[in-house]
Amino acid sequence: MFIKIENDHSNVKVTLKLNKAFAALSALSGVSALFYARMFERKWLEVTSHRVEVHNLPTAWQGFRFAWMSDLHLGYKPSYEPVSATFERVIAAKPDLILLGGDYMDRGKWKPVCDELFGKLAATGIPIVGIWGNHDYFGNRRDPDKNLEHFERLGIRILVNEALCIEQQGIPQYFIGLDDSIKGVPDPKGAKKRLPNGIKPLVTLLHNPNYIRRLPENYSEVVLSGHTHGGQLNPLPLHRNLNWLRYSTGKHHSLYPTGWYNVNGNRLYTGRGVGVTHWPLRFGSRPELAIFELQPCN
Ligand SMILES: [Fe+2]
């Protein structure tokens, strides 16, 4: 019954037709996905909100809100539109503090658009604090130094293994910014020595979340990271455990591609970032502006 000589010719035709239909459907799906990734999701900013509970949080700090913007990649032309929208959104959100996660310029060089956007942000009067990412070291090895002058001119503080004290009603809390772990030299112990004895920083900024494994135990109440772009292109966006970064064996490998993790007593949040690099595409990883609010533990 398998070999039907008389129908052999028509069977071949049916198979060929099915193959053609499958190929056409696959091609259409691929083109549609590319179109969606470039024209829609890349610009589809998500503002995420997070309640961060902290033990013994002083009353003066309860309800304190800070924003986390990472991986702007300005200078990578197609990313300009979602990045500028993010600046508008963070200004509208009126946080008490704006934290920047590095990779400001895709190739390290300061662009006129940086003056425009960071200048607008600085004009709000909201304190702004940032760190370097690996892309801030691209181009010229001295680019971070040049860019530092621009940030300082605008009143934006960049922390390189440094701590910053911020007070609310006279009650201090400490923020640490570490150097990038790929192009720079992070020094968490050195940074912590700048704090009063026995004080745990409220927030530590760390561009690459992979470095979380090298942070001392219970180092900080919260650690904020970026770098991964949430994978940027996720063929299987159903769950973060399917994120390709987890299975990559190359330099992009990361066990912490997006969201909350608890590693060695440190609460880590990896933001998906705002811009794009390599390809002007995002799929299964929308650009993100994260807003955190401090609350005491119940
Ligand atoms: Fe980045």
Side-chain angles (χ1 to χ4, degrees), residues 37-38 41-46 48 67-87 90 98-111 113-114 117-118 129-141 143-144 147 151 156 158-160 177-184 186 204-212 223-234 240 243-246 248 250-259 261 268-290:
R38 181 173 173 113
E41 183 161 326
R42 180 177 64 79
K43 306 172 188 175
W44 190 14
L45 179 70
E46 182 180 16
T48 59
W68 178 233
M69 292 168 65
S70 184
D71 297 271
L72 307 177
H73 289 274
L74 286 161
Y76 191 87
K77 282 257 182 337
S79 70
Y80 178 77
E81 194 176 330
V83 175
S84 57
T86 307
F87 277 72
V90 76
I98 296 172
L99 299 171
L100 304 174
D103 282 5
Y104 305 106
M105 280 62 73
D106 197 56
R107 301 298 297 178
K109 298 261 164 56
W110 188 268
K111 307 275 179 186
V113 68
C114 302
L117 293 176
F118 289 115
V129 180
I131 51 170
W132 294 140
N134 53 310
H135 278 255
D136 299 309
Y137 283 91
F138 277 12
N140 186 324
R141 187 74 190 166
D143 277 347
N147 292 339
F151 281 119
I156 296 172
I158 300 292
L159 301 176
V160 184
L178 296 177
D179 198 4
D180 176 60
S181 60
I182 297 174
K183 301 279 184 173
T204 294
L205 309 180
L206 170 66
H207 180 70
N208 187 334
N210 286 356
Y211 194 79
I212 190 78
V223 179
L224 299 180
S225 277
H227 181 67
T228 63
H229 300 197
Q232 198 170 308
L233 290 168
N234 290 313
R240 68 177 182 174
N243 193 294
W244 69 274
L245 296 181
R246 291 177 56 83
S248 164
K251 63 178 182 178
H252 296 300
H253 170 76
S254 180
L255 291 175
Y256 319 105
T258 178
Y261 301 90
L268 165 72
Y269 186 78
T270 308
R272 298 190 300 267
V274 180
V276 291
T277 189
H278 295 302
W279 306 282
L281 307 166
R282 273 186 182 263
F283 187 85
S285 183
R286 287 169 62 188
E288 180 185 16
L289 164 65

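Computed from a prediction, not measured in an experiment: that's the story for all the values here. Just follow the structure's listing: the first ligand is 1, and inside any ligand the first atom is 1.
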- Drop me the distance from Leu233's CG to Leu245's CG, to the nearest 0.5 angstrom. 10.0 Å
- Checking distances from the Fe ion (ligand 1), one finds that the N, O or S atom of Asp71 closest to it is OD1
- Message: Would you compute the distance between atom CG of Asp106 and atom NZ of Lys111 and round it to the nearest 0.5 angstrom?
- Response: 9.0 Å
- Message: Can you tell me which N/O/S atom of His229 has the shortest distance to the Fe ion (ligand 1)?
- Response: NE2
- Distance in Å, Ile98 CD1 paired with Ile156 CD1, rounded so as to fall on 0.5 Å steps: 8.5 Å
- Query: Of all N/O/S atoms in Asp103, which lies nearest to the Fe ion (ligand 1)?
  - Reply: OD2
- Item | Straight-line distance of Glu46 CD to Leu289 CG, nearest 0.5 Å | 10.0 Å
- Starting at NE2 of His207, measure out to CG of Asp103 and round the result to the nearest 0.5 Å. 3.5 Å
- Is the distance from the Fe ion (ligand 1) to the nearest N/O/S atom of His73 under 2.8 Å? yes
- Does any N, O or S atom in His227 come within less than 2.8 Å of the Fe ion (ligand 1)? no
